[in-house]
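Okay, structure first, notes after.
Just so it is clear: chains get the letters A, B, ... in the order the sequence lines come, proteins before strands, and each one is counted from 1.
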2 protein chains.
Amino acid sequence: MMAEADSGTVDLEIIVQGTQEGKKQELRLWLRMLSTTKLVSQEIRRRLRNEFGATLPQFDLMAQLYRERDGLRLGELSKRTMVTNGNVTGLVERLEADGLVLRETPDGDRRVTVAKLTKRGEELFSSMAAAHEGWLRDMMADVDPAIVTELWKDIGEVKSSVNNHLSGAD
Amino acid sequence: MMAEADSGTVDLEIIVQGTQEGKKQELRLWLRMLSTTKLVSQEIRRRLRNEFGATLPQFDLMAQLYRERDGLRLGELSKRTMVTNGNVTGLVERLEADGLVLRETPDGDRRVTVAKLTKRGEELFSSMAAAHEGWLRDMMADVDPAIVTELWKDIGEVKSSVNNHLSGAD
DNA sequence: TCTAAACCTTTGACATTTGAAATATTGCTC
DNA sequence: GAGCAATATTTCAAATGTCAAAGGTTTAGA
C-alpha cells in the first residue's frame, strides 16, 4: 500500500505521521470511544439496577445534587448532566416520588425550582457512589495507571477541541 | 494524609504512582470520557438532524447495513450496534416506513428477518457518511494526529480490560 | 405603571432505550 | 413423529431522550 523510497533510505516522516493510513484516524478514534463508553455504561447500568434498583440517569442526577447540598436549580442540573430541560423535569418528579429528592421554590424568584437530596437520597447515593468507584477500578484493573492518567489528559484535549468547533449553542 | 518516612529520605515511588492523587483516577477518566462522548454525540445528532433529517441511532444502524450489502439479521444488527433486540425492531420499522430499509425472511429459516438498505437508503447513507467523517475531523482539528493515534491504542486497552471484567453476559 | 423582552420550567409529540415476557420457528431426542 | 430445549424476533410497560411550544414570573424601559 505504501510505496518504498527508490533508494535505500526511507522517508520516516511520511511513515510516522503522514499518509500511513492517516486519513480516517479521527473517525476510527470516535468509533472506539463510542463503543467503549457504551460498554462501560451498560455494565454500570446493570450493576446499579441489580444492586440498588436505580437507573444510570438517576445516579447522574443525584451525583450533582450530592455535591451541592443546598440544591440546584433545574436549569443548572440540566447543564451539568447534559440532559434537556424537559427531561430533568420528569427525572426529578420520579425521584421525588421515591422520596430521594425534594423540590422547593425559593422566596426570591418564583420562576425557579430547586431540587435537593433528601436524607434518604443522601444515604442511598453515598453507598452507590462508593460501589460505583469500585466498579470502575475493577473494570480498568488491567490498564496501567500511567495510561489512565495520560488518557485523562489527552481526552481533555479532544474535549476542548470539540468545544471549539461546535456549530450550535455552547 | 501520606505518612513521611522517619528519616530524611523520601519514598519517591509512593509519591509518583501511589497515594499522590492516585485514588480515583479511573473514576476521573470515566467521567471525562463520558462527558466528551456526550458532547460529540450531541453535536453529531444536531448536524444529522439539521442537514439530513436523520437521527443518530438510525445513522448507526444504516452504517452497519451499508457495509453488508447482503443485509444482516436483526439479532446481528443488535449485537453490532449494541442496541437491544426490541429496540432494533422499532428502528428498522421506522426506517422501512421511510423507504430506507427493507425486511425480508429467508427461505431457509422463517424465524429470521434480514434487513437491507434500499437504493435510496444507500444513497442517503453514502452522503451522510461523508459528512459525518468531515464533522469528526473538524471537531478534532486541534488535536495532534499522533495523540489521536495514541488515544485509539490506549482506549483499546481500556476496552479490553473492561471486557475482561464484565459481570453479566459477554 | 404598562408592556415587552428575558428567564425558567413544564408540557406535548415523538423517538429511543431497557428488561422481561410472549411468539414463532427450528432442531434434537426418544 | 411428539415433546422440548434452543433460536430469533416481537411485544409490552416504563423510563429516558430530543425538540418545540406554551406557561408563568421577573426585569427593564418607555
Side-chain angles (χ1 to χ4, degrees), chain A residues 34 37-39 41-50 53-62 71-98 100-101 103-115 168-169, chain B residues 34 37-39 41-50 52-62 71-98 100-101 103-115 167-169:
Chain A
L34 188 57
T37 300
K38 276 189 186 174
L39 189 62
S41 290
Q42 283 169 358
E43 178 69 10
I44 293 176
R45 200 188 310 278
R46 183 183 315 144
R47 300 208 201 190
L48 276 176
R49 173 169 211 75
N50 292 344
T55 68
L56 186 47
Q58 288 171 353
F59 177 79
D60 286 346
L61 195 154
M62 292 176 75
L72 286 170
R73 290 144 59 129
L74 298 197
E76 188 57 29
L77 257 181
S78 169
K79 270 179 217 145
R80 298 203 192 182
T81 55
M82 299 176 86
V83 149
T84 46
N85 276 339
N87 200 4
V88 166
T89 297
L91 233 23
V92 169
E93 257 170 15
R94 264 163 256 132
L95 286 169
E96 192 176 34
D98 290 345
L100 300 172
V101 157
R103 269 187 292 195
E104 49 189 41
T105 297
D107 294 342
D109 190 338
R110 264 179 318 183
R111 289 170 300 183
V112 172
T113 302
V114 171
Chain B
L34 187 58
T37 300
K38 276 189 185 175
L39 189 63
S41 290
Q42 283 170 356
E43 178 69 10
I44 293 177
R45 197 190 313 277
R46 183 183 315 143
R47 300 207 200 192
L48 277 176
R49 175 169 210 74
N50 292 344
F52 296 97
T55 67
L56 186 48
Q58 287 171 354
F59 176 80
D60 286 346
L61 195 154
M62 292 176 75
L72 286 171
R73 290 141 62 125
L74 298 197
E76 188 56 29
L77 257 181
S78 168
K79 270 179 217 145
R80 298 203 192 182
T81 56
M82 298 176 85
V83 148
T84 44
N85 277 338
N87 200 4
V88 166
T89 298
L91 279 172
V92 169
E93 258 170 13
R94 263 163 255 131
L95 286 169
E96 192 176 35
D98 290 345
L100 300 171
V101 158
R103 271 186 292 195
E104 48 188 40
T105 298
D107 294 342
D109 189 340
R110 264 179 317 183
R111 289 170 300 182
V112 172
T113 301
V114 171
S167 62

How would you summarise protein contacts on nucleotides 7-12 of chain D per nucleotide, using B for base, S for sugar-phosphate only and - for none, with heavy-atom distances below 4.0 Å?
BSBBB-

From A:L72 CG over to A:T113 OG1, what is the distance, rounded to the nearest 0.5 angstrom?
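Here the interatomic distance stands at 12.5 Å.
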
Less than 4.5 Å apart, any side-chain heavy atom of [X] and any of [Y]?
| X | Y | result |
| --- | --- | --- |
| A:P57 | A:T81 | no |
| A:T55 | A:L48 | no |
| A:R46 | A:R49 | no |

Does a side-chain N or O of A:R45 approach OP1 or OP2 of C:dT18 to a distance below 4.0 Å, or not?
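No, no such contact exists.
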
Verify the contact: side-chain N or O of B:T84 to OP1 or OP2 of C:dG19, cut-off strictly under 4.0 Å; return yes or no.
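Answer no for this pair, as no side-chain N or O of B:T84 is under 4.0 Å from OP1 or OP2.
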
Under 4.0 Å, heavy atoms only, any strand: does B:T55 hit a base, just the sugar-phosphate, or nothing?
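Sugar-phosphate, backbone atoms only, no base.
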
Counting the atoms with a prime plus P, OP1 and OP2 as sugar-phosphate, which does A:L56 contact under 4.0 Å by heavy atoms, base, sugar-phosphate, or nothing?
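Here A:L56 touches no strand at all.
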
Polar side-chain atom of A:S78 near backbone of A:V83 as donor-acceptor pair, under 3.5 Å
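Pair found, side chain donor or acceptor close to backbone of A:V83.
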
I'd like to know if the side chain of A:D109 and the backbone of A:R111 have a donor-acceptor N/O pair within less than 3.5 Å.
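The answer is yes, because a donor-acceptor pair under 3.5 Å joins these two groups.
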
Rounding to an integer number of Å, can you tell me how far [X] [atom1] sits from [N] [atom2]?
| X | N | atom1 | atom2 | value |
| --- | --- | --- | --- | --- |
| B:Q58 | C:dC14 | CD | C1' | 12 Å |
| A:D98 | D:dA15 | CG | C1' | 12 Å |
| B:R110 | C:dG27 | CZ | P | 11 Å |
| A:M82 | D:dC19 | CE | P | 12 Å |
| A:K79 | C:dC7 | NZ | P | 11 Å |
| A:Q42 | C:dG19 | CD | C1' | 12 Å |
| A:L95 | D:dA14 | CG | P | 17 Å |
| A:L91 | C:dT10 | CG | P | 12 Å |

Starting from the C-alpha separation in whole Å, work towards a yes-or-no answer on side chain to side chain contact (heavy atoms under 4.5 Å, CB included) for A:L74 and A:L77.
CA-CA 5 Å; A:L74 298 197; A:L77 257 181; 4.2 Å; yes

On DNA chain C, nearest-nucleotide positions of B:P57 versus B:D107: which is more 5'?
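The residue whose closest nucleotide sits nearer the 5' end is B:P57.
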
